[in-house]
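For reference, the structure discussed in these notes is given below.
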Amino acid sequence: MKRIYFILLAVVFVLLSAMGGTYYLNSTAQDKIAFSDSTMTSATYFFSNGVVEVAPDVNFHIDTGSPTSLISPEDIVRLRNLGLSVDSINFPVIGADTRGNIIFSTKMYLVSFPVSRVHYRCDSLAESVWVEPDTAIHATIDNIAFMPGRSGEISVIGTDVLSRFVTEQIPMVSSITFRFDVPDGYERFCTMEPQLSSMDIFGAGPRYYIEATVSGVLRHFFVNTGIDGVKMKMPRELYSKSVTAPVSEDLVKVNGGLFKARTGIVLMQMGNRIGSERVHFSNTLDNGEPYYINLFNFLSGESVLDFRSGRVYLRPHSYTSRQLGQK
């Protein structure tokens, strides 16, 4: 009897040690992210529809609905062919993909992203601005940890990486800038509250939520930039209660799946803004969440998402018609 007791105790100890070791390795995996040039504080990339091009033909989907960052075998090859560092680390790691599926792997990859000089130029009307990158690699962002993703699928930057950065989006020039601080000229808009997810026991990234009052009722929206064509989504049964003017029924794509959603205009207050907003209504859940918002679609102007402090910032005025330069 005592022997069985000690065997069970040993098994429990081994399991707890394995979980503790996995948590420690996962939770500290992004601790060494840094610029190779200590004088640099930001890196700017092409950015459109939630996808960032970190190098020629190397695209990552920025997905706050994914607690884990994933890199495809094809992108590993492309980055290595560009002369960028991609090192593998052997240890057991558990994560989740954008669909919420559990992933187990015996290795992670430490990846370097190139930091190129970026130039902004105005057209003859000083209105439209495009980004002209310098192909030379002047520096890198090093030690970004990724789990191996599936072949043929787009690579993902999840909240485990995003929680270490401040991101600045300028839709007019289709750019996103990764920073370690909030740039000047922005005003606080609202708060993203990080909360524990089921993956937190493995050290993966948190979930972020935003409070918004919709038609006089306070709601909690899951921040998910992985959805396409949607600003905000609410349960379908609230359609008749909330909609002031029916719009249409759309076919919407969320994490690779299509569903029909009614759309309508609702009165909403979020942070220090109030006004009418277009909302999709459907009972389709995303990662188990009935309410969610894609901030990249919702915020049409220049904005900053500070994942470290959980704050969202907006510019009171647009500066895209002036000459810009990377800081």
Side-chain angles (χ1 to χ4, degrees), residues 22-33 43 45 47 50-52 54 59-71 93-103 105 108-111 113 141 143-149 153-169 176-180 182 190-211 220-228 230 254-256 285-289 291-299 303-313:
T22 301
Y23 175 84
Y24 175 78
L25 291 170
N26 284 18
S27 62
T28 59
Q30 312 296 349
D31 284 354
K32 295 183 179 180
I33 292 178
Y45 303 99
F47 182 63
V51 176
V52 55
V54 301
N59 298 311
F60 284 77
H61 194 183
I62 298 181
D63 188 357
T64 58
S66 175
T68 311
S69 296
L70 308 166
I71 187 168
V93 59
I94 298 176
D97 62 13
T98 58
R99 301 177 183 87
N101 299 320
I102 302 298
I103 303 173
S105 176
M108 289 190 77
Y109 291 94
L110 289 182
V111 176
F113 284 174
I141 305 178
N143 301 314
I144 309 173
F146 289 89
M147 285 187 67
E153 293 192 1
I154 188 169
S155 299
V156 173
I157 296 176
T159 55
D160 56 342
V161 170
L162 292 172
S163 61
R164 308 303 173 101
F165 282 103
V166 172
T167 61
E168 179 186 18
Q169 297 77 238
I176 188 168
T177 300
F178 290 85
R179 303 177 178 275
F180 292 136
V182 178
C190 67
T191 299
M192 296 186 296
E193 182 182 351
Q195 293 186 7
L196 296 179
S197 70
S198 59
M199 291 307 301
D200 278 331
I201 62 174
F202 302 113
R207 288 190 174 194
Y208 293 91
Y209 294 84
I210 283 179
E211 287 187 350
H220 297 268
F221 288 86
F222 172 44
V223 179
N224 186 1
T225 59
I227 59 179
D228 299 322
V230 175
V254 173
N255 292 332
L285 300 180
D286 176 50
N287 286 300
E289 301 287 351
Y291 299 84
Y292 45 87
I293 179 173
N294 185 339
L295 285 178
F296 292 149
N297 296 338
F298 185 84
L299 302 174
S303 60
V304 167
L305 307 183
D306 185 352
F307 291 96
R308 300 173 310 167
S309 67
R311 295 176 179 177
V312 180
Y313 297 83

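Values reported hereafter were calculated over all heavy atoms of this structure, with side chains retained and with hydrogens, waters and symmetry mates removed.
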Is there a donor-acceptor contact under 3.5 Å from the side chain of [X] to the main chain of [Y]?
X: Ser66; Y: Asp63; answer: no
X: Thr225; Y: Asn294; answer: no
X: Ser303; Y: Leu299; answer: no
X: Asn143; Y: Leu110; answer: no
X: Ser105; Y: Met147; answer: no

Pick from Phe307, Phe165, Phe60: which one makes a ring-ring contact (aromatic ring centres under 6.0 Å, His included) with Phe178?
Phe165
Do [X] and [Y] have side chains that get closer than 4.5 Å, going by heavy atoms?
X: Pro148; Y: Phe146; result: no
X: Tyr209; Y: Gln195; result: yes
X: Ile157; Y: Val52; result: yes
X: Leu305; Y: Val166; result: no
X: Met192; Y: Arg311; result: no
X: Thr64; Y: Tyr292; result: no

Derivation and outcome, side chain to side chain contact (heavy atoms under 4.5 Å, CB included), residues Val312 and Leu295
CA-CA 10 Å; Val312 180; Leu295 285 178; 4.2 Å; yes
Heavy-atom pair with the smallest gap, counting every atom of Ile141 and Ala43:
CD1-CB, 3.7 Å
Applying side chain to side chain contact (heavy atoms under 4.5 Å, CB included), name anything that partners Val51, two or more places apart in sequence or on another chain.
Asn59, His61, Ile154
Evaluate side chain to side chain contact (heavy atoms under 4.5 Å, CB included) for Val156 paired with Thr68, printing each intermediate quantity in order.
CA-CA 8 Å; Val156 173; Thr68 311; over 6 Å; no
Measure the [atom1]-[atom2] distance between [X] and [Y] for me, rounded to the nearest 0.5 Å.
X: Arg308; Y: Leu162; atom1: CZ; atom2: CG; value: 12.5 Å
X: Ile210; Y: Cys190; atom1: CD1; atom2: SG; value: 4.0 Å
X: Ser69; Y: Ile62; atom1: OG; atom2: CD1; value: 10.0 Å

Go through the steps for Glu211 and Thr191 under the test side chain to side chain contact (heavy atoms under 4.5 Å, CB included), then give the verdict.
CA-CA 8 Å; Glu211 287 187 350; Thr191 299; over 6 Å; no
Under 30°, 30 to 60°, or over 60°: which ring-plane class applies to Phe221 and Tyr291, parallel, tilted or perpendicular?
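Geometry flag for Tyr291 against Phe221: perpendicular rings.
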Check the angle between the aromatic planes of Phe47 and Phe296 and answer parallel, tilted or perpendicular using the 30° and 60° thresholds.
perpendicular
When you measure from the centre of the six-membered ring of Phe222, is the NZ or CZ of Arg207 closer than 6.0 Å and no more than 45° off the axis?
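Yes, cation above the ring, under 6.0 Å and within 45°.
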Donor on one side chain, acceptor on other, Thr167 and Gln169, under 3.5 Å
yes
Please report the C-alpha distance between Ile293 and Asn224 in whole Å, then the side-chain angles of each, then the deciding distance to 0.1 Å, and finally whether the side chain to side chain contact (heavy atoms under 4.5 Å, CB included) criterion is met.
CA-CA 6 Å; Ile293 179 173; Asn224 186 1; over 6 Å; no
